[in-house]
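To start, the structure under review is shown below, and the notes come after it.
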Amino acid sequence: MIPAAPLPMQPDAMPAATASRPSMASSSRGFVARMRHGDLHDPLLRQVLPVDAEERIVPGFGLDAVGDGAARKAEGVIQKYRGRALLVTTGSCAVHCRYCFRRHFPYAEETAAREGWREAVAAVAHDPTIDEVILSGGDPLSLATSKLAELTAQLAAIPHVKRLRIHSRLPVVLPERVDPALLQWLSALPWPVALVVHANHANEFDPEVDAAMARLRGAGAQLLNQAVLLRGVNDSVHALAALSERGFAAGVLPYYLHQLDRVQGTAHFEVDDQRARALHTALAARLSGYLVPKLVREIQGDTGKRPL
Ligand SMILES: *Cc1c(COP(=O)(O)O)cnc(C)c1O
Ligand code: SF4
């Protein structure tokens, strides 16, 4: 995917030997401020810093690891699971996560927003089995609220749509995006809303993020978190427990812990299945049940995310 927003970390703006505060796009200043200054192993920095290991070609790590190409239902509409249509609303994100499974999908050319959402809305309208629409991307909240409102006004006319889900990393990386216009739009939606945020480490939360989550909950959204299990970022029981506990303190329940999708350039983040299971078992032995995310992997052709 090609982010339209400036990359938070330009490789040439940040000599690898110095982790002094790099020059940043203003959009991610808050995220950068949560990094430990001067620490190349900082778990937030590792998520966004390009490294040489990405250039390695590793067998088994391809370009379309999760079969998005095959599941295309209409312009910008992906359906893999019963009842749920995923709309690729935009290719843009506020950060460029180095492990992202959508790095190689041609989202810039193919989004549901084209022609005022015409083809995407028609695809949902014509399939009465779809009761949930998922706004994904890229990051749907990188679109203007008016653009989102244009979509939901059309979806509201479809009687079989019963729920709206939003997958967004923006409440975490850019909490100021949770502004009055967004909240007003959210609270006026005619459906129950699940907002699945994306934080991989407890340090991604700070008082501004907490406040943004509180505003979102105030607007009626059910907040869930999905994380990706990432070597060097959150692959310890301590880090995973802290993530669940910190998220809950902000009003967010853990939902999924994803095994990495095997996309080219991400192999250095992979945690093998055996260790992933051991971490998950230890996490379950330590935390309240509702603080334990489901450990899953996406397998092409499955009817849902597969528990490991
Ligand atoms: C992950 C995913 C969903 C959502 O799956 P849930 O298990 O309901 O969270 C829906 N559509 C696609 C294409 C997905 O990849
Ligand atoms: S915010 Fe999500 S879609 Fe965007 S780069 Fe990060 S993981 Fe990928």
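Ligands are counted one by one from 1 in listed order, and the atoms in each one are counted from 1 as well. Fair warning: this is a prediction, and the values are worked out from it, not measured in the lab.
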In ligand 1, which numbered atoms sit nearer than 4.0 Å to a non-hydrogen atom of Ile78? 13 (C)
Relative to ligand 1, is Val196 under 4.0 angstrom through side chain, backbone, both or neither, heavy atoms considered? neither
Quick one about Gln154 and Trp117 (side-chain donor to acceptor, distance below 3.5 Å, no hydrogens or angles considered), yes or no? no
Decide yes or no on salt bridge (charged side-chain N to carboxylate O under 4.0 Å, His left out) for Glu204 and Arg246, but give the supporting numbers first. CA-CA 9 Å; Glu204 291 173 50; Arg246 187 60 185 85; over 6 Å; no
Of all the heavy atoms in Glu298, does at least one lie under 4.0 Å from an atom in ligand 1? yes
Salt-bridge contact Arg98-Glu54 (side-chain N to carboxylate O under 4.0 Å): yes
Check each atom of ligand 1 against the heavy atoms of Tyr81 and keep those under 4.0 Å away; list them by number with element. 1 (C), 2 (C), 3 (C), 5 (O), 10 (C), 11 (N), 14 (C)
Specify side chain, backbone, both or neither for Gln79, according to which of its non-hydrogen atoms lie closer than 4.0 Å to ligand 1. neither
Inspect the contact between Arg84 and Glu132 and indicate whether a charged nitrogen and a carboxylate oxygen are less than 4.0 angstrom apart. no
Have Asp261 and Tyr99 got a donor and an acceptor in their side chains that come within less than 3.5 Å? no
Indicate yes or no: does Arg34 engage Asp206 in a salt bridge with an N to O separation below 4.0 Å. yes
Any nitrogen or oxygen of Tyr256, side chain or backbone, less than 3.5 Å from one on ligand 1? yes
State if Val95 counts as touching ligand 2 under the rule of any non-hydrogen atom under 4.0 Å. yes
Can you tell which of Arg84, Lys294, Arg306 gets a heavy atom nearest to atom 8 (O) of ligand 1? Arg84
At their closest point, which heavy atom of Ala284 faces which heavy atom of Val292, and how far apart are they? CA-CG2, 3.8 Å
Whether Cys100 has an N, O or S atom under 2.8 Å from atom 4 (Fe) of ligand 2: no
For Lys80, is at least one N or O under 3.5 Å away from an N or O on ligand 1? no
When Ile, Leu, Val, Met, Phe, Trp and Tyr are grouped by side-chain heavy atoms lying under 4.5 Å apart, directly or through other members, which residues fall in the same group as Ile299? none
Looking at Tyr255, which atoms of ligand 1 are within less than 4.0 Å of one of its heavy atoms? 6 (P), 7 (O), 8 (O), 9 (O)
Show the atoms of ligand 2 that are less than 4.0 angstrom away from any heavy atom in Arg169. 1 (S)
Quick check: does Arg165 get an N/O under 3.5 Å from an N/O on ligand 1? yes
Considering only heavy atoms of Cys93, which atoms of ligand 2 have at least one such atom less than 4.0 Å away? 1 (S), 3 (S), 4 (Fe), 5 (S)
Counting C-beta onward and ignoring hydrogens, is there a side-chain heavy-atom pair between Thr111 and Thr89 closer than 4.5 Å? no
